[in-house]
Amino acid sequence: MKAYFKIIIFLFTIVFTSCEDVIDVDLQTAPARLTIEASLDWEKGTTGNNQTIKLSTSTPYFNTTSNTGVTGASVKVTNDSSGVEFIFTDQNNGEYTTTEFVPVLNQSYTLEVIYNGENYSAKETLMPVVDIKEVNQSTEDGFDDEVLEVNLKFDDPKDEDNYYLFRFKEVGDLLAEFEDFDDEFANGNEISWYYEKEEDTETKTEEFKPGDVVNIDLYGISEGYYNYIRILIEQSEGVGLFSATPVALKGNCINLDNASNYANGYFRVTQVSRRTYTFN
C-alpha cells in the first residue's frame, strides 16, 4: 500500500513539474510599418469640415508599448478636380486634423503623407449613401426568436452598383461591430438589415434588452474599400476549420519612394447616415 502511495506521489510530481515548463513561441517578426487611419466620413446633415487622420507604427505581437503615435509627418488631402489642398495639422499625439475639409459627392481625392523622407499616397472617391428610412426592433429575423434585434430599412438606388458598410455599437460597449453588403442581388430594392447580439461569456457580450441604446452607421463605400473591409471582417472573426489562413492585408496607401515599405491601413472617403435606437 505504501509503494502504491509513493507511485501516485511520483506521478503527480511529474505532472506538476511539466506544467512549469516554459514554452517559447517562435513568432514571425516584421519591421515596424507606418499605419494610416484615414477615414474621412461626412455625416449627412453636417458640413463635414472637421476631419482627423491618425498615424502610428505597427508593433510586434508581444510588445506592450502603447504610445505608437507618429508625429512630425506632413499630411494633406487634395481635391483632384479643383486642386484645392486641405492641410492636416500635427497635434503631436499621432492625430492630424483639419477644420476646412470640403466634401463633394462622387469627387476623387488624393491623400499624401510624407514620413521619414518617404512619400505615401492613396486615392479614393467620396461615395454617397441613402437615408436610413426606418429603424425598429423585433425577435423575428435573427438566429434566436427570443432575442431582441435592431432592424433598419433603406432604399437601394436603381441601375447602379452600391456597396455598404454597417457599424453597430451599443452605448457602453468598448468595441463596435461591422458588417458589409453589396447590392448585386438586390439592386433597386428596399433593403432590410438586422443586427443581433449573441450571449458570450468569454467576451462578456450580453443580448440586447429593453433600455439598451445602439448607435447605427450606414456608410456608402467604394468597391475597392468593400473588397478590403470584407476580408478584414472575415479575418477579425477568427479562423474556423474551413476558413482560409489569414494573410497580410494591404490597403491602398502606396509608398511612392519604396514600394516594399508600404503602409498599413486604408484611405477612405465616405458619406454616412446615422441613427440611434433605444430598445423598449
Go through Asn261 and Glu118 one step at a time and tell me if the side-chain hydrogen bond (donor to acceptor under 3.5 Å, both in side chains) criterion holds.
CA-CA 9 Å; Asn261 188 30; Glu118 295 183 341; 2.8 Å; yes

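- The heavy-atom pair separating Asp155 from Lys133 by the smallest distance is OD1-NZ, 3.1 Å.
- Between the side chains of Asn136 and Asn151, a donor-acceptor pair is found at a separation under 3.5 Å.
- Val213 shares a hydrophobic cluster with Val171; the chain of contacts runs through ILVMFWY side chains whose heavy atoms sit under 4.5 Å apart.
- Neither side chain, Thr52 nor Glu95, offers a donor N or O lying under 3.5 Å from an acceptor on the other.
- For an aromatic pair to be called close, the ring centres must be under 6.0 Å apart, and Tyr266 with Tyr225 satisfies this.
- Both Ile233 and Tyr163 are part of a single hydrophobic cluster, where members link through side-chain heavy atoms under 4.5 Å apart.
- With hydrogens and angles disregarded, no donor-acceptor distance shorter than 3.5 Å links the side chain of Asn119 to the backbone of Leu256.
- Checked against the 6.0 Å centroid threshold, Phe88 and Phe86 do not count as a close aromatic pair.
- For Lys54, the NZ atom is loosely surrounded, since the number of other residues' heavy atoms within 6.0 Å does not exceed 12.
- Considering every non-hydrogen atom in both Ile132 and Arg275, the closest pair reads O-NH1, 2.8 Å.
- A salt bridge is defined here as a Lys NZ or Arg NE, NH1 or NH2 lying under 4.0 Å from an Asp or Glu carboxylate O, and Glu177 with Lys197 fails to meet this definition.
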Verify side-chain hydrogen bond (donor to acceptor under 3.5 Å, both in side chains) between Ser192 and Lys153, making sure each step is shown before the conclusion.
CA-CA 5 Å; Ser192 297; Lys153 295 181 180 181; 4.7 Å; no

Give the intermediate values and the outcome of side-chain hydrogen bond (donor to acceptor under 3.5 Å, both in side chains) for residues Glu112 and Thr78.
CA-CA 8 Å; Glu112 178 188 86; Thr78 303; over 6 Å; no

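- One hydrophobic cluster, built from ILVMFWY side chains closer than 4.5 Å, cannot hold both Tyr228 and Tyr109; they sit in different ones.
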Any chance you could lay out the side-chain hydrogen bond (donor to acceptor under 3.5 Å, both in side chains) test for Thr270 and Asp41, step after step, and finish with the verdict?
CA-CA 5 Å; Thr270 65; Asp41 300 326; 2.6 Å; yes

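- Considering only residues two or more places apart in sequence or on other chains, Glu85 meets the salt bridge (charged side-chain N to carboxylate O under 4.0 Å, His left out) condition with Lys76.
- Between the side chains of Asn92 and Thr71, no donor-acceptor pair is found at a separation under 3.5 Å.
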